[in-house]
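Hydrogens, waters and symmetry mates play no part in the numbers below; they use all other heavy atoms, side chains included. Below, read A as the first sequence line, B as the second, and so on, with proteins coming before strands; counting in each chain starts at 1.
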There are 2 protein chains.
Amino acid sequence: MMDNEIFRALADPTRRAIFEKLAAGRMNASALREGMEISQPAMSQHLSVLRTAGLVKEERQGRFMNYEVDPEGLALIAEWLAKYRAYWPQRIEALKVLLKDMDQ
Amino acid sequence: MMDNEIFRALADPTRRAIFEKLAAGRMNASALREGMEISQPAMSQHLSVLRTAGLVKEERQGRFMNYEVDPEGLALIAEWLAKYRAYWPQRIEALKVLLKDMDQ
DNA sequence: GAATCGCATAAGTCTGTGCTTATGTGTTAT
DNA sequence: ATAACACATAAGCACAGACTTATGCGATTC
């Protein structure tokens, strides 16, 4: 059950911020730190958690380590969410947005 | 920002189990405890967290407290997920399932 | 109205987790 | 080779959070 690691990873606001920043594009750990007031070890540890959860994947490039969003993790959340489809009221705007954004 | 409470609430496996059980239908706190090896105060505290996160809503009925899934919280997760639509590869089966289930 | 029931809250304990400083490992530059 | 760089890992600390036992509070039952 990967649910646990996924939701645990996203439970931390700093990690969500890192993930959001990564969503803007592939980036190395140092670039991620810019404007984030976070120590280098802390960043490394957060990235490790995100990686274990399947939310992020890494690729070595020289002495840099490039990180990017891993769709795998997002898919797990979508699967989890789909289990509760019965509870989606038609009028919730967010659903329409989600559908419009995804279906194209 | 409600993201924090949502993901924090779902980070605990016991709370996810409670939520999943509630998805089967409206239930009071005692009924939820059945077959779950969890103390009464622990259940009450978990439900409080889920409620604050917007994942569950309650309604008093005599001396019972009925709980049910609150779509509000699910909508917040869907909104969060929609922000990363750019990372959905077409072939992910989960996405298709989600779309099929929702769009009908 | 007293006892019981369903649940919430209080207070304390123990574990997990996010941080720190220090150090290690591999890569590039000089 | 040596220094500098990008990042990972180790160890320790402080706080958050999930549990416990005890008690409180409304509502029902007898």
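In terms of position along DNA chain D, the nucleotide closest to A:Ala42 lies nearer the 5' end than the nucleotide closest to the other residue of the pair B:Ile38 and A:Ala42. Taking the nucleotide of DNA chain C with the nearest heavy atom to each of A:Thr14 and A:Gly62, the more 5' of the two is matched to A:Thr14.
For A:Asp12 and C:dG16, the CG to C1' distance is 13 Å, given to the nearest whole Å. If you take CE of A:Met43 and P of D:dC7, they are 10 Å apart, rounded to a whole angstrom. Here C:dA8 presents its P atom at 7 Å from CG of B:Leu47, a figure rounded to the nearest Å. One atom, CD of B:Glu59, and another, P of C:dG6, lie 18 Å apart when rounded to the nearest Å. Between the CE atom of A:Met65 and the C1' atom of C:dT28 there is a distance of 16 Å, given to the nearest Å. Nucleotide C:dT17 holds its P atom 15 Å from the CG atom of B:Asn4, rounded to whole Å.
Side-chain atoms of B:Arg51 do not come within 3.5 Å of backbone N or O of B:Val56 as any donor-acceptor pair. Checked by atom type and distance alone, the side chain of A:Arg33 pairs as donor or acceptor with a backbone atom of A:Ile38 at under 3.5 Å.
Nearest to the side chain of A:His46, among C:dC19, C:dT21, C:dA8, sits C:dC19. When distances run from any side-chain atom of A:Arg63 to the nucleotides C:dT28, C:dT20, D:dG17, the shortest one goes to C:dT28. You'll find that the side chain of A:Arg8 is closest to C:dT17, out of C:dA10, C:dT17, D:dC7. Across C:dA8, D:dT20, C:dC7, the shortest atom-to-atom separation from the side chain of B:Glu58 is found for C:dA8.
Contact annotation: B:Arg60 does not reach the phosphate of D:dG26 (side-chain N/O to OP1 or OP2, under 4.0 Å). The phosphate of C:dG6 (OP1 or OP2) has no side-chain N or O of B:Tyr67 nearer than 4.0 angstrom. Dashed line: the shortest gap from a side-chain N or O of A:Asn28 to OP1 or OP2 of D:dC7 is under 4.0 Å. Of the side-chain N and O atoms in B:Ser39, one or more sit less than 4.0 angstrom from OP1 or OP2 of D:dT20.
If you check every strand for non-hydrogen atoms under 4.0 Å, A:Arg15 touches sugar and phosphate atoms only. A:Ser48 comes within contact range of no nucleotide atom at all, as no heavy-atom separation falls under 4.0 Å.
At a cut-off of 3.5 Å, with distance as the only test, no side-chain donor of B:Glu59 or B:Asn66 sits close to an acceptor on the other residue.
Using a 4.5 Å heavy-atom threshold, the side chains of B:Ile77 and A:Trp80 count as touching.
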Evaluate the side-chain contact (heavy atoms from CB on, under 4.5 Å) criterion for residues A:Tyr67 and A:Asn28: first the C-alpha distance (whole Å), next the side-chain angles of each, then the deciding distance (0.1 Å), finally the verdict. CA-CA 6 Å; A:Tyr67 287 89; A:Asn28 63 50; 5.9 Å; no
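Counting atom types as modelled, A:Gln40 pairs no side-chain N or O with a base atom of C:dT21 as donor and acceptor under 3.5 Å.
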